[in-house]
Amino acid sequence: MKLLGPPALWRGESRNQYDALLLGMAISVGARDIVDWISVNDVTYHVWDGRRLQAIKAALILARQIEVIEGLLKSTYDLAGPERSPIYYISGVKDDARRWATDSEFGSEIDDRLAARGHDSASILARAYSLCATELQALDKAIADRELRRMASLREIYRRDEFLARRLEQASQEIIDGEFSEAAE
């Protein structure tokens with residue numbers, strides 16, 4: 001893999017995970033020589049980049065949901081509540097909104113509290129989406145662009161080795177489909 005050079009990874013991305021994806025693709029398509037490996041690397045990078053953008057999209061929506069939760073907790077703040085104080089309003093709300101995103105049990109409590117005040121999860125998601133709709137559209141365009149690049153790479157590979165290209169197309173599509181089905185669950 002050293003002949004391929006280092007992949008263009010962003011800070012926080014795992015070289016080991018990239019290499020595992022590359023190796024898995026190479027094994028699944030039966031890469032035989034350096035030209036096959038270069039083809040596999042090219043398609044693997046397009047898949048990696050698409051997955052990266054999907055992760056960014058999910059993180060963006062979650063960040064906006066946290067903002068919405070924080071705002072709703074402030075707007076539904078009950079000074080007469082058992083553990084509520086002005087200090088909570090200033091800093092506790094932000095902490096609770098962040099905790100909502102990471103602690104499912106606590107998140108359910110917040111969801112129930114907000115639902116009792118007329119803010120169900122669908123309305124929270126809709127507000128979050130509206131806050132980042134422009135960014136989401138740009139990400140969707142970038143994801144579609146990555147898919148076009150993957151398909152263009154596959155067309156070039158078809159010119160050299162139709163059998164390899166078919167296997168690469170199938171393997172990369174299975175990874176993409178698997179990623180989307182995992183996100184939907």
Side-chain angles (χ1 to χ4, degrees), residues 7-22 24-25 44-150 171-185:
L9 300 178
W10 294 357
R11 180 171 169 70
E13 292 182 330
S14 169
R15 172 70 189 259
N16 289 338
Q17 288 178 345
Y18 181 86
D19 288 345
L21 181 61
L22 175 64
M25 289 272 286
T44 299
Y45 184 75
H46 294 310
V47 170
W48 180 269
D49 202 27
R51 291 174 71 182
R52 166 193 290 153
L53 292 173
Q54 288 291 344
I56 291 169
K57 187 175 170 181
L60 176 63
I61 292 171
L62 180 61
R64 295 305 176 264
Q65 283 179 297
I66 292 169
E67 288 176 21
V68 170
I69 294 291
E70 182 180 345
L72 290 173
L73 288 174
K74 283 182 178 180
S75 71
T76 59
Y77 171 71
D78 182 7
L79 188 56
E83 70 280 334
R84 304 298 180 230
S85 70
I87 299 295
Y88 172 78
Y89 182 81
I90 294 167
S91 65
V93 167
K94 185 177 283 297
D95 293 340
D96 281 358
R98 287 187 187 129
R99 188 170 166 205
W100 167 89
T102 58
D103 180 338
S104 62
E105 188 175 316
F106 182 77
S108 292
E109 292 173 20
I110 296 290
D111 289 341
D112 292 344
R113 186 181 338 157
L114 293 176
R117 292 190 166 102
H119 306 288
D120 64 358
S121 60
S123 68
I124 291 167
L125 184 57
R127 285 184 187 192
Y129 181 85
S130 70
L131 290 174
C132 60
T134 301
E135 292 92 343
L136 291 173
Q137 288 174 345
L139 282 167
D140 284 340
K141 184 179 181 317
I143 291 166
D145 182 56
R146 290 340 180 259
E147 179 61 13
L148 288 174
R149 290 180 189 178
R150 181 180 73 92
S172 62
Q173 192 61 52
E174 286 173 2
I175 291 169
I176 292 167
D177 291 344
E179 186 70 13
F180 291 151
S181 68
E182 287 175 22
E185 292 173 359

Identify the two heavy atoms, one from [X] and one from [Y], that lie closest to each other, and give their separation to 0.1 Å.
| X | Y | answer |
| --- | --- | --- |
| His46 | Arg146 | CB-O, 4.3 Å |
| Leu139 | Lys57 | CD1-CA, 3.7 Å |
| Arg52 | Ala8 | NH2-O, 3.1 Å |
| Ile66 | Ala101 | CD1-CB, 3.6 Å |
| Arg150 | Glu147 | NH2-OE2, 2.5 Å |
| Trp100 | Phe106 | N-CD2, 3.9 Å |

Do Asp145 and Arg149 meet the salt-bridge criterion of a basic N to acidic O distance under 4.0 Å?
yes
Before accepting this row, confirm whether a basic side-chain N of the pair Lys74/Glu70 lies closer than 4.0 Å to the acidic partner's carboxylate O.
yes
On the 0 to 90° scale, with breaks at 30° and 60°, tag the Tyr18-Trp48 ring pair as parallel, tilted or perpendicular.
perpendicular
Are the side chains of [X] and [Y] in touch, meaning some heavy atoms are under 4.5 Å apart?
| X | Y | result |
| --- | --- | --- |
| Asp96 | Ile69 | no |
| Leu114 | Leu73 | yes |
| Ile175 | Met25 | yes |

Quick one: pull up [atom1] in [X] and [atom2] in [Y] and give me the separation to the nearest 0.5 Å.
| X | Y | atom1 | atom2 | answer |
| --- | --- | --- | --- | --- |
| Leu62 | Glu67 | CG | CD | 10.5 Å |
| Thr44 | Leu22 | OG1 | CG | 5.0 Å |
| Arg127 | Leu72 | CZ | CG | 5.0 Å |
| Leu60 | Glu135 | CG | CD | 5.5 Å |
| Gln54 | Ile143 | CD | CD1 | 3.5 Å |
| Leu9 | Gln17 | CG | CD | 10.0 Å |

Using salt bridge (charged side-chain N to carboxylate O under 4.0 Å, His left out), reason through Asp95 and Arg99 one step at a time and then give a plain yes or no.
CA-CA 6 Å; Asp95 293 340; Arg99 188 170 166 205; over 6 Å; no
So, Ser108 and Asp111: side-chain donor and acceptor under 3.5 Å apart, yes or no?
no
Pair Leu125, Val68 - check side chain to side chain contact (heavy atoms under 4.5 Å, CB included), show working.
CA-CA 8 Å; Leu125 184 57; Val68 170; over 6 Å; no
